[in-house]
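Quick note: residue numbers are just sequence positions, from 1.
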Amino acid sequence: MNFLEEKILTDGVIKEGNILKVDSFLNHQIDIDIMRQMAYEFKRRFRGVEVNKILTIEASGIAIATLLGDLYDVPVVFAKKSETANSTDDKYISKAYSFTHKKMNNVFISKPYLNAEDKVLIVDDFLADGEAAHSLIDLVKQAGGRIAGIGIAIEKGQQKGGATLRSEGYQVESIAIIDSMDWETQTISFRPQAQKEISKTNLKSTHGINL
Ligand code: 5GP
């Protein structure tokens with residue numbers, strides 16, 4: 001079991017309606033140690049892939065994206081879901097149905113922050129039906145940029161997003177993939193994955209990181 005799967009089992013709460021709550025480390029309070037380990041794990045899994053921008057969607061993807069942007073030393077952009085009165089920039093606009101809020105959202109990025117030279121690594125906290133990921137892909141395509149890959153903290157493998165994106169040819173790397181979860185028994189099973197993530201010991205010795 002990897003560090004994120006362990007954290008989900010200890011701190012996650014399964015809600016009725018196929019929702020996993022991970023407020024204590026990802027969606028409300030942010031556990032920086034877990035974010036840092038995720039960033040290193042994405043960097044390892046996307047080794048050899050050229051990336052010059054990290055893209056996510058507000059709000060919960062921002063923490064992971066920031067630490068990953070620090071590792072790659074590239075800008076981090078987050079798509080917004082609501083118009084801000086003080087923005088007069090031209091925008092790329094897409095739409096995504098929100099699985100958690102059960103409504104359609106406009107998703108947008110001001111044009112100066114995405115362009116045709118961008119090789120974009122998309123990251124997000126969850127992947128369910130792939131709505132958020134597809135809206136981000138759409139925004140990158142509108143700008144003429146390229147998708148370098150898609151990094152997800154928690155993929156809900158029972159929903160169609162991961163399979164669809166992989167069949168479209170994208171490299172999707174999810175640190176934890178849930179195969180099934182049951183709110184009545186509070187049990188989760190994960191899809192087995194190669195256990196090669198960077199351990200804390202390796203992080204410390206190879207990068208001098210103080211964990
Ligand atoms: P998708 O767009 O792939 O259908 O759903 C992913 C988005 O919905 C994520 O950005 C995340 O905010 C939210 N989401 C979907 N399922 C869950 C879940 O089980 N728990 C939480 N906390 N968020 C979820």
Side-chain angles (χ1 to χ4, degrees), residues 1-46 54 56-68 96-103 105 121-136 149-168 170-203 211:
M1 199 169 308
N2 70 30
F3 65 93
L4 185 59
E5 293 165 338
E6 276 173 16
K7 188 73 177 169
I8 293 168
L9 287 189
T10 342
D11 291 12
V13 179
I14 305 161
K15 295 283 177 188
E16 201 175 354
N18 194 31
I19 295 282
L20 176 66
K21 275 194 83 122
V22 287
D23 283 6
S24 69
F25 64 94
L26 185 54
N27 290 142
H28 199 348
Q29 172 172 260
I30 292 166
D31 183 324
I32 295 295
D33 184 23
I34 293 286
M35 299 302 120
R36 195 182 285 128
Q37 290 186 69
M38 286 203 276
Y40 274 95
E41 179 60 7
F42 286 134
K43 189 92 194 290
R44 184 187 72 77
R45 292 194 190 194
F46 289 104
I54 309 292
T56 189
I57 183 164
E58 64 178 359
S60 298
I62 297 176
I64 311 167
T66 305
L67 289 174
L68 194 55
Y97 181 77
S98 166
F99 180 82
T100 35
H101 299 112
K102 310 283 178 231
K103 65 168 186 148
N105 281 321
L121 181 52
I122 291 174
V123 291
D124 205 2
D125 57 341
F126 274 88
L127 173 62
D129 287 333
E131 287 279 329
H134 277 111
S135 68
L136 294 176
I150 302 169
I152 300 291
I154 305 170
E155 175 178 337
K156 296 199 294 183
Q158 341 80 292
Q159 290 182 248
K160 65 176 192 289
T164 309
L165 289 164
R166 290 183 183 99
S167 74
E168 289 165 355
Y170 297 109
Q171 181 182 353
V172 181
E173 296 290 347
S174 302
I175 299 180
I177 304 180
I178 294 172
D179 262 343
S180 63
M181 60 184 185
D182 184 325
W183 73 275
E184 279 174 322
T185 55
Q186 289 293 306
T187 48
I188 300 184
S189 71
F190 295 103
R191 190 173 302 171
Q193 298 194 65
Q195 295 296 303
K196 276 208 217 125
E197 83 271 6
I198 297 175
S199 68
K200 283 191 178 187
T201 337
N202 286 346
L203 261 184
L211 291 171

Inset, instruction - Report the C-alpha distance between Glu41 and Leu4 in whole Å, list the side-chain angles of each, state the deciding distance to 0.1 Å, and finish with yes or no for side-chain contact (heavy atoms from CB on, under 4.5 Å). - result: CA-CA 11 Å; Glu41 179 60 7; Leu4 185 59; over 6 Å; no
Inset, instruction - Under the side-chain contact (heavy atoms from CB on, under 4.5 Å) rule, what do Phe126 and Ile152 come out as? Steps first, then yes or no, please. - result: CA-CA 6 Å; Phe126 274 88; Ile152 300 291; 5.7 Å; no
Inset, instruction - Would you check if the side chain of Ser189 reaches a backbone N or O of Asp179 as a donor-acceptor pair within less than 3.5 Å? - result: no
Legend entry - Atom pair NZ (Lys156) and CD1 (Ile19), whose distance is rounded to the nearest 0.5 Å: 4.5 Å
Inset, instruction - Mind checking the OG1-CD1 spacing from Thr185 to Ile14? Nearest 0.5 Å is all I need. - result: 6.5 Å
Inset, instruction - Over all heavy atoms of both residues, which pair between Ser24 and Gln29 is shortest? Give the atoms and the distance, please. - result: O-NE2, 2.9 Å
Legend entry - Sidechain-backbone polar pair: Asp124 side chain, Ala133 backbone, donor-acceptor under 3.5 Å: no
Legend entry - From CA spacing to verdict: side-chain contact (heavy atoms from CB on, under 4.5 Å), Thr56, Ile54: CA-CA 7 Å; Thr56 189; Ile54 309 292; 5.7 Å; no
Legend entry - Qualifying residue for side chain to side chain contact (heavy atoms under 4.5 Å, CB included) with Leu67, from Lys43, Gln37, Met35: Met35
Inset, instruction - Begin from the C-alpha positions of Leu26 and Ile64 and carry the test side-chain contact (heavy atoms from CB on, under 4.5 Å) through to its verdict. - result: CA-CA 9 Å; Leu26 185 54; Ile64 311 167; 4.0 Å; yes
Legend entry - Closest heavy-atom pair and its distance - Leu68, Ala39: CD1-O, 3.4 Å
Inset, instruction - State, to 0.1 Å, how close Lys7 and Asp31 come at their nearest heavy-atom pair, and which atoms those are. - result: NZ-OD2, 3.4 Å
Legend entry - From CG (Asn2) to CD (Gln193), nearest 0.5 Å: 6.5 Å
Legend entry - All side chain to side chain donor-acceptor pair (under 3.5 Å) counterparts of Ser60, not counting sequence neighbours: Asn27
Inset, instruction - Indicate yes or no for a side-chain donor-acceptor contact from Gln159 to the backbone of Leu127 under 3.5 Å, with no hydrogens or angles considered. - result: no
Inset, instruction - Quick one: closest heavy-atom pair of Tyr97 and Lys102, and the distance? - result: OH-CA, 3.3 Å
Inset, instruction - Of all the heavy-atom pairs spanning Glu5 and Ala176, show the shortest one and how long it is. - result: CG-CB, 3.8 Å
Inset, instruction - Can you see which heavy atom on Ser174 is nearest to which on Arg166, and at what distance? - result: OG-NH2, 3.8 Å
Inset, instruction - Hey, could you give me the CE/NZ distance between Met181 and Lys15, rounded to the nearest 0.5 Å? - result: 11.5 Å
Inset, instruction - Could you tell me the separation between the CG atom of Asp125 and the CD1 atom of Ile62, rounded to the nearest 0.5 Å? - result: 10.5 Å
Legend entry - Distance-only polar pair, side chains of Gln158 and Asn18, donor-acceptor under 3.5 Å: yes
Legend entry - Side chains of Asp11 and Val22 in contact at under 4.5 Å (non-hydrogen atoms): no
Legend entry - Distance, nearest 0.5 Å, that separates CG of Asp33 from CE of Met38: 10.5 Å
Legend entry - Exam field: side chain Glu173 to backbone Arg44, donor-acceptor pair closer than 3.5 Å: no
